[in-house]
Amino acid sequence: MSGFDGNIGLTPQLAVTLACLAALMGMMALCLVQGLNTRAARRLAQQEAERLRTSEARFRQLADATFEGIVIHRDGIIIDVNTALAAMLGWPQELLIGRNLLDLTHSSMHEKLLAHLAALREGHAQEFPEHASETFLRHADGSAIPVEIHARTMPFEGGNARVIAIRDVRERKAAEERIRHLAHHDTLTGLPNRNLFRDRLIQVLARAKRTGNTVAVLSLDLDRFRHVNEMGGAEAGDALLKEVAARLADTIRADDTVARLSADEFAIIQVGVSHPDGPAVLAARLNKVLAQPFHLKPGTDPLVIGASIGISLFPSDGVDAGALLRAADTARVRAKDGGRGTYRFFEAEMDRRLAERRALENDLRHALATEQFELHYQPLADCSSTRLLGFEALLRWRHPKLGMVSPAEFIPLAEECGLINPLGNWVLRSACQEAAGWPRNLSVAVNLSPVQFRQPDLAQEILAILRETGLAPERLELEITEGVLIGEPERTLATLSLLKEAGVRISLDDFGTGYSSLSYLQRFPFDKLKIDHGFIHGMESHAGSMAIVRAVIALGRSLHLTVTAEGVETEKQLALLQSLACDQAQGYLLSRPVPRDAVRQLIAEDTPLTRRSQAAA
Ligand code: C2E
Ligand code: CA
Ligand code: CA
């Protein structure tokens with residue numbers, strides 16, 4: 001396309017021929033004016049006329065040989081055309097001569113052409129435009145042909161004429177269109193991409209600012225997409241995305257836009273919103289449509305996924321495209337947090353919380369290296385005597401600005417941003433090291449996050465820490481929740497079995513809050529059940545809680561598991577637990593978690609913990 005760089009002139013040969021032609025005709029005119037009528041002059045004139053005819057014939061040959069169309073007209077009436085133009089237009093060459101230029105111009109351009117001809121007549125048409133101009137010719141079948149034209153005034157057959165070189169740019173236009181499409185669409189699904197989405201949103205917002213209409217932006221991502229990609233491979237992921245795109249496109253209205261922004265992230269512009277119910281209805285319909293099973297490949301199980309949707313509204317949640325998209329994304333994250341397969345509207349409060357969370361996540365990345373973490377230890381006591389049996393290590397983050405941040409807040413964050421493994425290893429190493437230095441061989445319990453179980457060498461890692469710190473495996477208890485057992489039970493079981501063989505004990509934490517599937521208790525080699533503090537708190541007032549605590553203690557006994565009651569805060573709770581012959585107790589009544597230095601003192605005193613806390617009160 002090198003010759004198409006905007007400025008198409010006439011081809012060099014053609015220009016030279018036309019220039020010669022002009023010079024010759026100029027000379028002839030001069031002869032006539034001077035009234036030379038001698039024989040010599042007549043002969044000269046005959047010779048010149050002969051040369052002119054040959055020259056014209058040569059011009060015609062050359063003109064016909066070029067790929068460009070050429071038309072010569074005088075005041076809009078066609079004097080001559082070359083074969084290329086006739087072919088381009090689908091007319092016989094002879095039929096074109098004598099016609100009006102309007103006949104070969106597409107009707108959409110007539111007004112412009114007439115104005116141009118008028119300007120020519122008055123002598124103020126631009127003689128040598130910098131760039132070729134674009135217009136549309138009319139094919140014999142009525143269709144429009146996009147062309148580039150370049151025109152000059154030339155002396156021709158005794159007067160001035162306009163010579164126009166015409167280049168057919170249909171192919172180039174089609175190529176440009178393909179490139180534009182590629183630049184603005186997602187190749188996998190054919191949906192608009194982020195660029196086009198942004199452009200459309202900017203246009204829609206500009207219009208909405210004038211009309212005062214409300215616009216909704218919906219941000220959508222698939223639940224469990226990563227799982228599909230991991231289990232079924234990229235092929236399954238691609239097939240799913242295509243099907244999702246088709247369902248989305250079918251669900252929205254023609255005026256709305258759906259785009260694929262990244263992997264499994266889609267966004268929708270909903271126009272003509274008169275009430276927030278509009279986006280809510282659309283979001284609910286999208287949730288429903290995407291919750292229908294996907295049949296991706298014959299012979300495989302249908303896939304059930306779902307989507308989380310966030311909604312932002314113009315103008316209340318933002319006035320520009322960027323702000324609206326961010327608000328919709330924030331709302332989508334909240335929709336995901338609040339249970340999948342739902343939608344949420346943006347709230348300013350949400351935005352503030354999310355910004356805080358991002359800042360905290362950033363701080364968390366530096367906290368390990370700058371030693372902002374420490375471990376506190378909460379005693380576990382024998383339920384009837386309240387004598388000390390061991391400690392649970394609980395992680396504390398001393399934030400330089402915020403002070404103590406609760407693990408309930410930063411552990412989920414560490415899990416999300418991939419910091420839980422180094423952090424969990426630090427906890428294990430510190431707790432084992434500390435316990436190895438205690439004056440008595442009490443046990444130490446360490447909490448493990450389900451995410452840590454995705455490390456294939458978790459068991460080896462823990463056993464290495466035990467060797468390094470010199471702590472006897474029998475003194476370490478690992479506290480896990482039911483979340484660990486969901487997902488890949490086989491691998492988890494192998495890890496736990498390896499640890500148990502080495503002598504490490506395994507506790508099931510927060511028992512009663514999760515799925516509480518009793519089958520786990522038989523399949524996994526647990527040593528201990530910890531009853532969630534919620535049931536202990538409810539014991540005094542709720543008959544239901546009391547019944548559950550009683551049942552769990554009985555269950556533990558029948559499976560030969562130790563049962564620990566968590567969160568014991570009152571004498572009454574302790575008395576009830578003692579009456580049910582619960583094995584162990586832990587809670588503020590006995591002791592709050594204490595810093596490492598206080599641990600040695602507690603161990604040295606070796607008095608029943610209730611008596612001690614009474615003394616302190
Ligand atoms: P958890 O494992 O259930 O730990 C017990 C939580 O209950 C601790 O909160 C403890 O301070 C609190 N607690 C103890 N006695 C009482 C009581 O009588 N009343 C009340 N209301 N609460 C009591 P903490 O230390 O804030 O830890 C919260 C959760 O954070 C823990 O729950 C655990 O799931 C997680 N966590 C703490 N440290 C670690 C860690 O090192 N690794 C992992 N993965 N998770 C940890
Ligand atoms: Ca625990
Ligand atoms: Ca617990």
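What's counted below: heavy atoms across the whole structure, side chains too, no hydrogens, waters or symmetry copies. Each ligand, and each atom within it, is numbered from 1 in the order the structure gives. This structure is a prediction, so every number in the text was calculated from the model and none was measured.
- For L380 against K528, the heavy-atom pair with the smallest separation is CD2-NZ, 3.5 Å.
- In summary, the aromatic rings of F511 and F526 are positioned with their centroids too far apart to meet the 6.0 Å limit.
- The shortest heavy-atom contact between S312 and L324 is OG-O, 2.7 Å.
- Counting protein heavy atoms under 4.0 angstrom from atom 6 (C) of ligand 1 gives zero.
- Per residue E566, closest N, O or S atom to the Ca ion (ligand 3): atom name OE2.
- Looking only at atom types and distance, the side chain of Q455 has no donor-acceptor partner in the side chain of E461 under 3.5 Å away.
- The part of D510 lying near ligand 1 is the side chain, judged by heavy-atom distances below 4.0 Å.
- Remark: ligand 1 and R396 share an N or O pair separated by less than 3.5 Å (distance only, no angle test).
- Note on R357 versus E416: salt bridge recorded, some NZ/NE/NH1/NH2 to OD/OE distance being below 4.0 Å.
- For atom 8 (C) of ligand 1, the candidate residues are N447, V451, L394; the nearest heavy-atom contact is made by L394.
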Determine, stepwise, if the pair D329 / S219 fulfils side-chain hydrogen bond (donor to acceptor under 3.5 Å, both in side chains). CA-CA 6 Å; D329 285 349; S219 162; 2.8 Å; yes
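- Each of the atoms 41 (O) of ligand 1 lies under 4.0 Å from some heavy atom of V427.
- Heavy-atom proximity to E566, at under 4.0 Å, picks out these atoms of ligand 1: 3 (O).
- Residue E392 approaches the Ca ion (ligand 2) most closely through its N/O/S atom OE2.
- There is a side-chain donor-acceptor pair under 3.5 Å between E265 and S262.
- Sorting the N, O or S atoms of D510 by how far they are from the Ca ion (ligand 3) puts OD1 first.
- There is no side-chain donor-acceptor pair under 3.5 Å between Q372 and D363.
- In this structure, K530 does not pair ionically with D510, as no charged nitrogen and carboxylate oxygen lie closer than 4.0 Å.
- Within the set I411, D509, I420, V446, the minimum heavy-atom distance to atom 2 (O) of ligand 1 is found for D509.
- Among the atoms of D509, an N, O or S atom is found under 3.0 Å from the Ca ion (ligand 3).
- Within the set P379, P407, G534, the minimum heavy-atom distance to atom 35 (C) of ligand 1 is found for P407.
- Protein heavy atom closest to atom 38 (N) of ligand 1, with residue, atom name and distance, is L395 N, 3.1 Å.
- In summary, K500 and D527 engage in a salt bridge, as defined by a charged side-chain N under 4.0 Å from a carboxylate O.
- Annotation: cation-pi pair R334/F345 absent, no NZ/CZ under 6.0 Å from the ring centroid and within 45° of its normal.
- For ligand 1, the atoms lying closer than 4.0 Å to a non-hydrogen atom of E392 are 2 (O), 4 (O).
- Shortest distance from the Ca ion (ligand 2) to E479 is reached at OE1 (N/O/S atoms only).
- Remark: R592 qualifies as a cation-pi partner of Y588 under the 6.0 Å distance and 45° angle criteria applied to the six-membered ring.
- Nearest protein heavy-atom contact of atom 15 (N) of ligand 1 is Q378 NE2, 2.9 Å.
- Regarding atom 11 (O) of ligand 1, its nearest protein heavy-atom neighbour is P593 CG, 3.5 Å.
- For the residues E569, H533, Q586, E415, the heavy atom positioned nearest atom 21 (N) of ligand 1 is part of E569.
- Between R396 and E374 there is no salt bridge, since no side-chain nitrogen of the basic residue lies less than 4.0 Å from a carboxylate oxygen of the acidic one.
- Note on D532: not counted as a metal contact of the Ca ion (ligand 3), no N/O/S atom lying under 3.0 Å.
- If you check the side chains of S308 and D223, you find a donor sitting under 3.5 Å from an acceptor.
- For atom 16 (C) of ligand 1, the nearest protein heavy atom (residue, atom name, distance) is Y588 CE2, 3.2 Å.
- Under 3.0 Å from the Ca ion (ligand 2) lies an N/O/S atom of N447, whether from backbone or side chain.
- For atom 30 (O) of ligand 1, the nearest protein heavy atom lies closer than 4.0 Å.
- In H376, neither the side chain nor the backbone holds a heavy atom less than 4.0 Å from any atom of ligand 1.
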